[in-house]
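On a predicted model such as this, the values are computed, not experimentally measured, just so you know. Reckoned from all heavy atoms, side chains included, excluding hydrogens, waters and symmetry mates. Position 1 is the first residue of the sequence; numbering continues from there.
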Amino acid sequence: MSPTQTGLIIVAVVVVMAMIAFVIQTVENQRRERRMRLLLLKDQVRRATHLLHTLPDHYITREIRDLLVKYLQQRWKGVLELENSPDNRQKFSELDEFASQPLPVVEHPAGSMTLHTDRNHAERTAALLRELFQFLSELKAGGMLSGIQASEVIYQVKEAYTRTRIDVELMDAMEVEAGRGAAAALPRYRTAGAKLQSLNQTQQLDRQLYELGTHMDQLQTKVDEERKAREAEERKRQQEEAAKQDRFRPGGYIPPR
């Protein structure tokens with residue numbers, strides 16, 4: 001074998017090895033890219049699922065649920081294209097089943113002026129609503145929401161957030177009532193009630209307004225009774241003071257015989 005032939009064989013071997021390495025690297029890059037896409041899709045699924053199932057049912061409107069479900073269906077289809085496993089197919093089927101269910105009918109808690117059980121509950125809900133607002137803003141910026149759809153759903157989220165903050169104001173009023181009494185708390189209740197009334201365009205807050213109105217009426221009665229008691233005490237004090245002055249006035253005191 002001549003040196004030229006040997007050189008050509010070496011070159012051919014090098015070329016073949018380079019091609020094999022290129023194919024291996026290409027396959028590895030595709031596998032890594034597929035894996036990254038899958039991780040991204042599953043992260044998006046987790047985020048939307050968290051919002052869909054963690055927000056209080058009071059705040060899940062038809063528009064909000066339909067948007068989140070549609071988004072999740074699109075993401076699950078992408079997941080199945082990359083990883084068509086039995087577990088992923090099952091989760092996709094569960095989402096379809098969930099989407100076919102009617103919205104739950106949720107009543108305001110009877111006897112409660114607030115929707116939330118305590119301040120921590122309200123703060124957690126507010127954080128979820130902020131997260132949902134950010135999520136929707138990202139979808140809108142990415143062109144995944146139409147202008148009308150985005151405006152409607154974002155408005156509902158803002159309205160829900162406002163209602164949550166009103167709940168916090170009502171809890172503040174309760175603390176004032178417990179610490180300083182009915183008279184100090186009433187103005188706070190009235191302010192919160194006025195804000196709540198402005199949100200009640202569809203009469204969905206009637207029960208909460210009723211509970212708040214009933215409590216304010218009770219407080220007003222208590223304030224009126226306390227005021228009357230103070231006025232009676234003041235009249236009594238003035239009468240006693242006047243009686244003392246009469247006793248020491250010239251000719252006003254006749255000693256006993």
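With salt bridges taken as basic N to acidic carboxylate O contacts below 4.0 Å, none links R37 and E83. Comment: D66 engages R62 in a salt bridge, judged by a side-chain N to carboxylate O separation of less than 4.0 angstrom. Salt bridge absent: E225 and R230 never bring a charged side-chain N and a carboxylate O closer than 4.0 Å. A salt bridge does not link E233 with K228: none of the charged nitrogens is closer than 4.0 Å to a carboxylate oxygen. Taking 4.0 Å as the cut-off between side-chain N and carboxylate O, R119 and D167 do not count as a salt-bridged pair. The existence of a salt bridge linking E94 and K91 is excluded, since no basic side-chain nitrogen approaches an acidic carboxylate oxygen closer than 4.0 Å.
V157 has its side chain out of reach of R130: every pair of non-hydrogen atoms, C-beta onward, lies at least 4.5 Å apart. Side-chain atoms of I166 and L199, non-hydrogen and from C-beta on, do get closer than 4.5 Å to each other. The side-chain heavy atoms of L67 and L136, taken from C-beta on, include a pair separated by under 4.5 Å. Between H215 and Q218, the closest side-chain pair of non-hydrogen atoms falls below 4.5 Å. Side-chain contact check for N88 versus K42: some heavy-atom pair is nearer than 4.5 Å. Using a 4.5 Å cut-off on side-chain heavy atoms (C-beta onward), T49 and L95 make no contact. In this structure, R165 and Y161 have side chains that are in contact, with non-hydrogen atoms separated by less than 4.5 Å. Side-chain contact between T214 and Y210 is present, with heavy atoms from C-beta onward closer than 4.5 Å.
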Would you be so kind as to tabulate the donor-acceptor pairs closer than 3.5 Å made by side chains of residues 71-82, with sequence neighbours excluded?
from : atom 1 : to  : atom 2 : distance (Å)
Q73  : NE2    : D96 : OD1    : 3.0
R75  : NE     : Q44 : OE1    : 2.7

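How far CD of E169 is from CE of M174: 12.0 Å, rounded to the nearest 0.5 Å. In this structure, CZ in R163 is found 8.0 Å from NE2 in H116, a value given to the nearest 0.5 Å. A distance of 5.0 Å separates CD of E152 from CD of E63, quoted to the nearest 0.5 Å. Distance check, rounded to the nearest 0.5 Å: CG of L209 to CG of L196 gives 4.5 Å. To the nearest 0.5 Å, atoms CD (Q220) and OH (Y189) are separated by 13.5 Å. Here the straight-line distance linking atom CG of L55 with atom CD of E131 works out to 8.5 Å at 0.5 Å rounding.
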**OP:** Walk me through it: do F133 and L129 pass the test side chain to side chain contact (heavy atoms under 4.5 Å, CB included)?
**Re:** CA-CA 6 Å; F133 177 81; L129 290 167; over 6 Å; no
Subject >> salt bridge (charged side-chain N to carboxylate O under 4.0 Å, His left out) between E138 and R47, worked out >> reply: CA-CA 13 Å; E138 291 171 6; R47 184 184 183 189; 2.8 Å; yes
**OP:** Using the side chain to side chain contact (heavy atoms under 4.5 Å, CB included) rule, take T162 and K195 through it: C-alpha gap first, then chi angles, then the decisive distance, then the call.
**Re:** CA-CA 9 Å; T162 300; K195 293 179 181 179; over 6 Å; no
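Hydrophobic clustering places I60 together with L139 (ILVMFWY residues linked when any side-chain heavy atoms are closer than 4.5 Å, directly or through intermediates). Linking Ile, Leu, Val, Met, Phe, Trp and Tyr residues whenever their side-chain heavy atoms come within less than 4.5 Å places F92 and V45 in a single cluster.
Contact detail for T117 and H121: the closest heavy-atom pair is N-ND1, 3.0 Å. Nearest heavy atoms, A184 versus P187: O-CD, 3.5 Å. Smallest separation of non-hydrogen atoms from L212 and G193: CD2-CA, 3.4 Å. The shortest non-hydrogen separation linking A173 to R188 is CB-CB, 3.8 Å. Between Y59 and I64, the shortest heavy-atom distance links the atoms O-CD1, 3.6 Å.
Evaluated for a side chain to side chain contact (heavy atoms under 4.5 Å, CB included) with L132, the options L51, I154, V153, T54 yield exactly one hit, L51. Shown are M113, R207, Q204; of these, the side chain to side chain contact (heavy atoms under 4.5 Å, CB included) with H108 is made only by R207.
With sequence neighbours excluded, the residues satisfying side chain to side chain contact (heavy atoms under 4.5 Å, CB included) with F98 are L52, H53, R65, V69, Q101.
Taking a 6.0 Å sphere around CD of E97, one finds it holds 12 or fewer heavy atoms contributed by other residues, nucleotides or ligands. The 12-atom threshold is not exceeded at CD of E107, counting heavy atoms of other residues, nucleotides or ligands nearer than 6.0 Å.
A distance-only check finds a donor-acceptor pair linking the side chain of E211 to the backbone of G111 [under 3.5 Å].
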